[in-house]
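Reminder, nothing fancy here: chain letters follow the sequence lines and each chain counts from 1.
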Amino acid sequence: VTLEAVLGAVGAVFLVMGCVLATIGLYGVLVKPDIFDQLHVAGLVTGPGVVLVLLASIGAGSAEIVTSAFLVGAFVLVTSSISTHVIAHAGVRRYGPGVAQATPVEGISAATSTAGAATAAGSRTAPDDRPPGGMRVVVAYDGSAPADVAADIAASIDWPAGTSIHVVGAIANDGVEVEASLRRAAAAMERPGIHIETTVSVGDPADVVVNETASFDTDLLITGSRRRSVVQSALGWSAAGDIVDRSPCPVLVARTRTLRSVMLTTDGSLQSDAAADVVARWPIFDLTTVRIATVAMDRSPAPEDQRAVDRAAAQLMDAGREIVTEVLQGRPGPAIVDAARGWAVDLIVIGSRGRTGLGRTLLGSVAGEVLASAPCSVLIVGPPPRRPRMPN
Amino acid sequence: VPEVIVVAGFAWCTVLLAIAGLALLRAPDTLHRILALDVLATILIMVLTTLSYLNGVSYYIDAALALALLSFAATLVAALYLTRRRQLS
């Protein structure tokens with residue numbers, strides 16, 4: 001038995017073991033939902049898995065390969081432990097140690113603050129939008145059950161006089177007839193003082209709706225919430241998400257048929273201010289109680305979190321809204337969804353930075369997460385400079 | 001190392017690479033993505049290393065070294081950025 005044969009055999013064993021460990025680790029990363037569990041199993045890949053594969057170089061019979069491989073191995077041994085530490089550190093800062101929880105923090109925010117009627121009369125200015133008092137609304141309708149929910153919510157909202165509602169349908173290539181049911185849905189929205197139009201175009205539904213919304217100078221787009229297929233949800237796609245990403249105006253994704261209670265989420269950012277502005281200004285929220293919530297990502301709420309809530313609260317109280325404020329804890333997406341479920345709100349209003357495509361995949365979006373798992377309707381408001389307003 | 005084992009190892013690492021890509025796409029938020037990306041880079045190092053054994057040349061491993069360096073820096077910066085950042089969305 002030569003030395004070469006022995007080294008070859010040992011190398012083969014290392015290679016196989018490395019592959020097996022990497023497989024186990026990767027499987028764990030796929031099935032474990034918690035970041036700390038994932039870090040644990042990922043250590044199998046970034047530690048022993050890759051190091052064993054590199055050690056297998058002793059069987060390769062080339063000095064160059066062995067040298068390079070040992071260099072990489074030494075480097076990986078140092079960096080993988082540092083990487084794991086840094087990710088775990090970020091996880092603790094973000095979610096708190098252990099399992100994330102979404103419990104309201106007692107005593108942090110004064111539980112209830114109600115705007116007096118005194119503020120209501122003076123500071124309520126007329127909306128700066130062009131149609132005096134009225135809104136411009138587009139309802140996306142494709143004849144499906146989710147689209148019916150969108151149509152119902154549009155019919156149930158008490159629109160201000162002068163509002164025009166544009167019901168838009170698309171005939172996709174499969175040629176399903178939507179025109180009759182679209183006219184019926186539009187007829188259900190008819191009220192005195194409200195102007196209703198219908199359009200049916202041929203093409204991809206998302207394209208048709210987004211184009212129509214852009215050309216109509218719309219304030220609000222209402223769309224149904226489509227169920228995602230297994231493949232789509234694995235890849236993080238949804239039809240509603242596509243429309244939300246591309247819409248030039250705020251989008252209401254309808255899952256409830258009414259809008260009696262509203263929850264506004266804020267993080268003190270520009271897009272959150274835009275969301276607060278929408279709730280403060282739009283007459284359709286005149287008679288609803290608004291819960292304002294922010295999520296403290298650290299273990300203890302920071303002053304910034306309270307400031308974010310207070311600023312939104314001031315904005316809404318100026319507009320004469322009744323409000324309740326709350327600071328939540330935990331991972332932002334699940335915390336908001338859990339709170340919405342606990343309070344049984346009909347609508348979550350959330351600002352979105354409006355990232356699309358790859359940016360969203362790599363950086364994540366709380367708005368997208370809320371949209372995907374919320375039990376109620378979601379109103380997504382983009383950042384302010386999306387549509388510059390003309391001063392009068 | 002017997003040729004057949006090296007070929008099998010290379011093929012299997014390539015499959016793992018695809019699965020790691022799936023894990024990256026399925027990650028629910030930023031921190032999970034950072035981890036998935038780290039795992040993906042590590043598996044890519046494994047693919048390059050087995051490729052190097054297969055062809056009997058060392059420069060694939062040199063590429064793996066550069067990749068390890070870059071992915072380490074990327075993970076570090078992204079995780080630190082996430083730690084410092086406060087905003088929700």
Side-chain angles (χ1 to χ4, degrees), chain A residues 8 11-12 15-16 18-19 22-23 26 29-30 35 38-39 42 45-46 49-50 53-54 56-57 59-60 62 64-65 68-69 71-72 75-76 79 82-83 86-87 89-91 93-94 234-236 265 267-269 271 295 297 304 331-333 351-353 361-367 369, chain B residues 1-2 5-6 8-9 12-13 15-16 19-20 22-39 41-43 45-50 52-53 56-62 64-65 67-69 71-73 75-76 78-89:
Chain A
L15 188 58
V16 170
C19 285
T23 311
L26 194 56
V29 171
L30 271 176
I35 185 75
Q38 283 194 345
L39 274 170
V45 186
T46 58
V50 67
V53 170
L54 288 162
S57 64
S62 148
E64 272 176 46
I65 290 182
S68 297
L71 196 62
V72 176
F75 185 78
V76 163
T79 59
I82 297 176
S83 295
V86 168
I87 295 174
H89 183 69
R93 292 268 301 168
R94 213 172 174 194
L235 294 170
T265 62
D267 61 2
S269 60
Q271 56 272 21
V295 183
M297 295 204 294
E304 290 95 289
R331 287 179 48 193
S352 164
R353 221 177 288 170
T361 307
L362 291 177
L363 293 168
S365 154
V366 173
E369 216 178 318
Chain B
V1 181
I5 290 185
V6 177
W12 187 240
C13 287
V15 172
L16 290 185
I19 299 173
L22 184 69
L24 177 65
L25 287 171
R26 281 188 41 168
D29 77 347
T30 318
L31 204 52
H32 290 82
R33 279 185 203 104
I34 294 174
L35 178 66
L37 209 54
D38 196 37
V39 171
T42 308
I43 290 175
I45 292 174
M46 292 169 56
V47 171
L48 288 169
T49 309
T50 44
S52 177
Y53 300 159
V57 290
S58 71
Y59 23 82
Y60 293 112
I61 302 191
D62 297 336
L65 183 64
L67 181 73
L69 195 78
S71 99
F72 173 59
T75 306
L76 218 61
L80 286 179
Y81 169 72
L82 206 64
T83 311
R84 307 255 156 95
R85 197 177 57 142
R86 280 203 159 276
Q87 291 190 341
L88 271 191
S89 49

- Item | Spatial distance of atom CD1 (A/I35) from atom CG (B/L35) [nearest 0.5 Å] | 5.0 Å

- To the nearest 0.5 angstrom, please state how far the OG1 atom of B/T75 sits from the CD1 atom of A/I82. 11.5 Å

- Query: Of all heavy-atom pairs between B/L16 and A/C19, which one has the smallest distance, and what is that distance?
  - Reply: CD1-O, 4.2 Å

- What option among A/S83, A/G11, A/A69, A/A60 has the most heavy-atom pairs under 4.5 Å with chain B? A/S83

- When rounded to the nearest 0.5 angstrom, what is the spacing between CD1 in A/I87 and CG in B/D38? 5.0 Å

- Item | Working for side-chain contact (heavy atoms from CB on, under 4.5 Å), residues B/T49 and A/V72 | CA-CA 10 Å; B/T49 309; A/V72 176; 5.8 Å; no

- Message: If I compare all heavy atoms of B/M46 with all of A/G18, which pair ends up nearest, and what's the gap?
- Response: CE-O, 4.3 Å

- Query: B/S58 and A/S68: which non-hydrogen atoms are nearest, and at how many Å?
  - Reply: CB-OG, 4.1 Å

- Query: Rounded to the nearest 0.5 Å, how far does CG of A/L54 lie from CD1 of B/I61?
  - Reply: 6.5 Å

- For A/V53, does its backbone N or O pair with a side-chain atom of B/Y53 as donor and acceptor, under 3.5 Å? yes

- Give the member of A/G49, A/S62, A/S57 that has the highest number of heavy-atom pairs under 4.5 Å with chain B. A/S57

- Item | Engaged part of B/V15 at the chain A interface, taking heavy atoms whose separation is under 4.5 Å | neither

- Task: Tell me, for A/L15 versus chain B, whether the close heavy atoms (under 4.5 Å) come from the side chain, the backbone, both or neither.
- Result: side chain

- Quick one: of B/A20, B/A78, B/A64, B/P2, who has the most non-hydrogen atom pairs under 4.5 Å with chain A? B/A20

- Min side-chain heavy-atom separation B/I43-A/L26 under 4.5 Å: yes

- What one should report as the nearest heavy-atom pair of A/I65 and B/G56 is CD1-C, 3.7 Å

- Item | Structural part of A/V16 lying under 4.5 Å from a heavy atom of chain B | side chain

- Item | Interatomic spacing from CZ in A/F75 to CG in B/L69 - rounded to 0.5 Å | 4.0 Å

- CG (B/D62) and CD (A/E64) are apart, to the nearest 0.5 Å, by 8.5 Å

